[in-house]
Protein chains: 2
Amino acid sequence: MHEKVMSIGTVCDLTGLTERQIRYYEEKQLIFPVRSKGGAHKYSFDDVEKVKEIHSKLRDGFHTFELRKSGKVCCE
Amino acid sequence: MHEKVMSIGTVCDLTGLTERQIRYYEEKQLIFPVRSKGGAHKYSFDDVEKVKEIHSKLRDGFHTFELRKSGKVCCE
DNA sequence: CGTGTAAGGAATTCTGACACG
DNA sequence: CGTGTAAGGAATTCTGACACG
């Protein structure tokens, strides 16, 4: 489930989050989608799970830089 | 692996076929993608496998209507 | 810090059709 | 029959930025 095949819109559907949130997590290096020819970001099912967990941790009071350092959401 | 999450471009990448071929197999009711809000077709990994097999059978001399009837590529 | 939004451009996908054979 | 292509429109995604706080 680490094949990067879905676009951001699908990730939004699966997680219930917005494009903005997903792109922000990516900007903070918590997830690493691949780029297709046209520049579109492609995500895997693993990424979907990570995004959900990141959002959950943020609600618990954590910050993105803490999540990155702790490796709590870096499962590769 | 039956979750419909990828767009046709990704299916092309994974199968090596063209959009035209994939849409044709769909027109002949050999694969059944779901539609997202915007009208885009979404495919699953199962669909990718089916597409590969359909193409393989066609090269072997079969016709789309035969594949549909025989159920050789209808694994749902 | 994490997220919302308006902005313009670029790439993707869709449909129906003509073509070959 | 199965696939290629040119055609125009609609929906998607991208990036950088201003905003709040």
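Residue numbering restarts at 1 for every chain, and letters A, B, ... go by the order of the sequence lines.
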Q. Would you say H41(A) reaches dT12(C)'s phosphate, i.e. side-chain N/O to OP1/OP2 under 4.0 Å?
A. no
Q.
Does a side-chain N or O of Y25(A) approach OP1 or OP2 of dG2(C) to a distance below 4.0 Å, or not?
A. no
**Q.** d(CG, L30(A); C1', dG2(C)) in whole Å
**A.** 12 Å
Q. NA contact type, R35(A), heavy-atom cut-off 4.0 Å: base, sugar-phosphate, or nothing?
A. sugar-phosphate
Q) Which residue, F65(A) or S36(A), contacts DNA chain C at a nucleotide closer to its 5' end, judged by nearest heavy atom? A) F65(A)
Q. Does any donor-acceptor pair link the side chain of R23(A) with the base of dT15(D) at a separation under 3.5 Å?
A. no
**Q.** Spacing of K42(A) atom NZ relative to dA11(C) atom P, expressed in whole Å
**A.** 15 Å
Q | For dG16(D), the Watson-Crick or wobble counterpart (both distances under 3.5 Å) | A | none
Q | Distance, rounded to the nearest Å, where E27(A) contributes CD and dG2(C) contributes P | A | 10 Å
Q) Does E49(A) reach the main-chain N or O of D46(A) with its side chain, forming a donor-acceptor pair under 3.5 Å? A) no
Q. Has T64(B) got a side-chain N or O lying under 4.0 Å from the OP1 or OP2 atom of dG2(D)?
A. yes
Q. For D47(A) and S44(A), what are the C-alpha separation, side-chain angles and deciding distance, and is it a side chain to side chain donor-acceptor pair (under 3.5 Å)?
A. CA-CA 5 Å; D47(A) 290 329; S44(A) 65; 3.2 Å; yes
Q: For a side chain to side chain donor-acceptor pair (under 3.5 Å) with R23(A), tell me which candidate from E26(A), Q21(A), E27(A), E19(A) qualifies.
A: E19(A)
Q. Under 4.0 Å between a side-chain N or O of Y24(A) and OP1 or OP2 of dG2(C)?
A. yes
Q | Identity of whatever pairs with dA6(D) - Watson-Crick or G-U, under 3.5 angstrom | A | none
(Q) Measure CG/D60(A) against C1'/dG2(C) and give the value in whole Å, please. (A) 15 Å
Q.
For L30(A) versus K50(A), what's the shortest heavy-atom pair and its separation?
A. O-CD, 3.8 Å
Q. Can you check the K28(B) NZ to dT3(D) P distance for me, whole Å?
A. 11 Å
(Q) Expressed as a whole number of angstroms, how long is the span from I22(A):CD1 to dG4(C):C1'? (A) 14 Å
Q. Of the candidate nucleotides dG2(D), dT13(C), dT3(C), which contains the atom at the shortest distance from the side chain of E19(B)?
A. dT13(C)
Q: Using whole Å, report how far CZ of R20(B) lies from C1' of dC14(C).
A: 13 Å
Q) Of T18(B) and A40(B), whose nearest nucleotide on DNA chain D comes first from the 5' end? A) T18(B)
Q) What nucleic acid atoms does S7(B) come within less than 4.0 Å of, heavy atoms only: base, sugar-phosphate, or nothing? A) sugar-phosphate
Q.
Under 4.0 Å from OP1 or OP2 of dG2(D): is there any side-chain N or O of H55(B) that close?
A. no
Q.
Go through it in stages, so that I can follow the logic: the residues are Y43(A) and V5(A), the test is side chain to side chain contact (heavy atoms under 4.5 Å, CB included), and I'd like the CA-CA distance, side-chain angles, deciding distance and then a yes or no.
A. CA-CA 6 Å; Y43(A) 307 82; V5(A) 298; over 6 Å; no
